[in-house]
Amino acid sequence: MSLTLRVLTLNLWNLEGEPGRQSLLRDAIHDLRPDLLSLQEVARTSERDQLAGLLDGTGLHGIHQLEVLDAHPAAARAGTALASRWKPTEVEAIALPRALGAECAIAATIRLPNGQDLVFVAAKPTWRLDAEAARLAQVKAIAELDAKLRRAVPTIIAGDFDATPDADSMRYLAGRAVSEGTSVHYHDSWTVAGDGGPGYTWTSENPLALPVVEEAVGQLPHARRIDYVLVGSRHHHPDVSAKILRSQVVLTAPPVSDHYGVLAEIEVAVLR
């Protein structure tokens, strides 16, 4: 039995912008019908639960990092979350090393309708342009979390990595770089099944991102691909395939956040 999973990652930009943006976000997520959802900069305060509002009516089971990790001052404003169409059987989260804030990874073990178990990881490493050394340490911690938890179905990791494909952190995850004698391998959905373009997800051409780019980078124009859906290697999952059928940059017209989203369709099939 095979099934196709729709996996979406999106940085929500918490509650910034016009109030009406939240309804646009909710409608956009409903329309894309994801089975697995990785969200970053998700607001949860005593006054507002952004995750609950966005998932209302979707049938998705959501988990915010504040539910599984000790509270960090930055997470009280905006943390990482994941959601799944099937209720996770286990959830584990880690605070990422060398963090500048509430950077974390949340891993959910999910029993799929085909009876196989999948580990889905929502991740948010450090954002600063000068923090690639920290991001490399952080993606290694994410890979180690996967190695600890992985099941038969190839692991799916999705999130805002704040690193371009040529950065050491992403080259490490893609199996093209070694760090301290270690190496791993994940498939980048855009590289496998994108449209052949640059796939920019954070760009000054997005009017919602422009003021953020001006403040954080200070150079215009600016465009980077920093949001990813990654799929585990066959080397660690020989009995179940996870073929990336399509990868798209979504939520661009109109933009609903300072990031565009990435939507991947992944066909899971038992081989033996």
Side-chain angles (χ1 to χ4, degrees), residues 5-69 71-72 74-88 91 93 101-108 110 118 120-125 127 156-162 189 201-202 206-209 212 226-229 247-266:
L5 303 176
R6 292 171 63 83
V7 184
L8 174 65
T9 184
L10 178 65
N11 185 314
L12 296 182
W13 197 34
N14 54 75
L15 301 175
E16 298 292 337
E18 297 295 327
R21 188 177 71 86
Q22 298 305 310
S23 62
L24 293 176
L25 273 171
R26 184 182 63 249
D27 292 346
I29 291 173
H30 280 234
D31 290 346
L32 288 174
R33 298 175 289 104
D35 300 304
L36 301 172
L37 180 58
S38 172
L39 298 171
Q40 308 84 47
E41 295 191 24
V42 185
R44 176 173 283 188
T45 67
S46 57
E47 295 81 26
R48 185 71 175 268
D49 185 339
Q50 187 181 22
L51 181 64
L54 292 176
L55 299 185
D56 184 36
T58 64
L60 298 173
H61 302 271
I63 301 164
H64 194 282
Q65 75 176 76
L66 288 176
E67 300 173 33
V68 287
L69 280 177
H72 183 285
R77 178 174 178 269
T80 297
L82 63 74
S84 168
R85 189 158 304 283
W86 307 280
K87 187 175 182 179
V91 178
E103 294 92 327
C104 78
I106 308 172
I110 299 160
L118 159 77
F120 177 55
V121 182
K124 177 65 180 78
W127 69 271
I156 298 174
I157 303 174
D160 168 13
F161 283 80
D162 276 302
S189 69
T201 57
W202 199 62
N206 177 351
L208 298 182
V212 187
I226 59 176
D227 300 85
Y228 299 84
V229 175
S247 185
Q248 298 174 277
V249 176
V250 295
L251 307 177
T252 63
V256 296
S257 176
D258 67 330
H259 286 239
Y260 299 146
V262 177
L263 177 69
E265 293 186 359
I266 301 168

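Judged by distance alone, with hydrogens and angles left aside, the side-chain atoms of Arg21 form a donor-acceptor pair with the main-chain N or O of Glu16 at under 3.5 Å. Ser247 places no side-chain N or O within 3.5 Å of a backbone atom of Ala264 that could act as its donor or acceptor partner. Although no hydrogens or angles enter the test, the distance criterion places a donor-acceptor pair under 3.5 Å between the side chain of Asn206 and the main chain of Ser257. With Ser38 contributing its side chain and Thr9 its backbone, the two residues share no donor-acceptor pair below 3.5 Å.
Minimum interatomic distance between Gln22 and Asn14 (heavy atoms only, all atoms of both residues): NE2-O, 3.3 Å. When every heavy atom of Phe120 is checked against every heavy atom of Leu37, the shortest pair comes out as CE2-O, 3.5 Å. Minimum interatomic distance between Leu8 and Pro34 (heavy atoms only, all atoms of both residues): CB-CB, 3.9 Å. Across Leu32 and Arg6, no two heavy atoms sit closer than the pair O-NH2, 2.7 Å. The shortest heavy-atom contact between Asp258 and Ala209 is O-CB, 3.2 Å. For Ala122 against Ala81, the heavy-atom pair with the smallest separation is CB-O, 3.7 Å.
Using a 4.5 Å heavy-atom threshold, the side chains of Tyr260 and Leu10 count as separate. Side chains of Gln65 and Cys104 form a contact here, defined as non-hydrogen atoms less than 4.5 Å apart.
Using modelled atom types, one finds no donor on one side chain facing an acceptor on the other under 3.5 Å when comparing Ser189 with Glu265. Remark: the Gln40 side chain and the Asp160 side chain contain no N/O donor-acceptor pair separated by less than 3.5 Å.
Atom-to-atom distance recorded for Ser23:OG and Leu25:CG is 8.5 Å, nearest 0.5 angstrom. Taken from NE2 in His61 to OG in Ser84, the straight-line distance is 7.0 Å, to the nearest 0.5 Å. With values rounded to the nearest 0.5 angstrom, Leu39 atom CG is found 4.5 Å from Leu12 atom CG. Atoms CG and CG, on Leu24 and Leu251 in that order, are 10.5 Å from each other to the nearest 0.5 Å.
Applying side-chain contact (heavy atoms from CB on, under 4.5 Å) to Val42 and the options Leu66, Leu51, Leu54 leaves one that passes, Leu51.
Between Tyr228 and Phe161, the ring-plane angle classifies as perpendicular under the 30° and 60° cut-offs.
Take Arg85 and apply the side-chain contact (heavy atoms from CB on, under 4.5 Å) test, not counting sequence neighbours, and it matches Asp35, Leu60.
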Q: Go through the steps for Asn11 and Trp202 under the test side chain to side chain contact (heavy atoms under 4.5 Å, CB included), then give the verdict.
A: CA-CA 10 Å; Asn11 185 314; Trp202 199 62; over 6 Å; no

Q: Apply side chain to side chain contact (heavy atoms under 4.5 Å, CB included) to Ile156 and Ile266, showing your working.
A: CA-CA 10 Å; Ile156 298 174; Ile266 301 168; 3.8 Å; yes

(Q) The test is side chain to side chain contact (heavy atoms under 4.5 Å, CB included); show your working for His64 and Thr80 and say whether it passes. (A) CA-CA 6 Å; His64 194 282; Thr80 297; over 6 Å; no

Q.
side chain to side chain contact (heavy atoms under 4.5 Å, CB included) for Val262 and Gln248? Distances and angles first, verdict last.
A. CA-CA 6 Å; Val262 177; Gln248 298 174 277; over 6 Å; no

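Applying the salt bridge (charged side-chain N to carboxylate O under 4.0 Å, His left out) test to every pair with at least one member in residues 46-57, sequence neighbours left out, gives these pairs: Arg44-Asp49.
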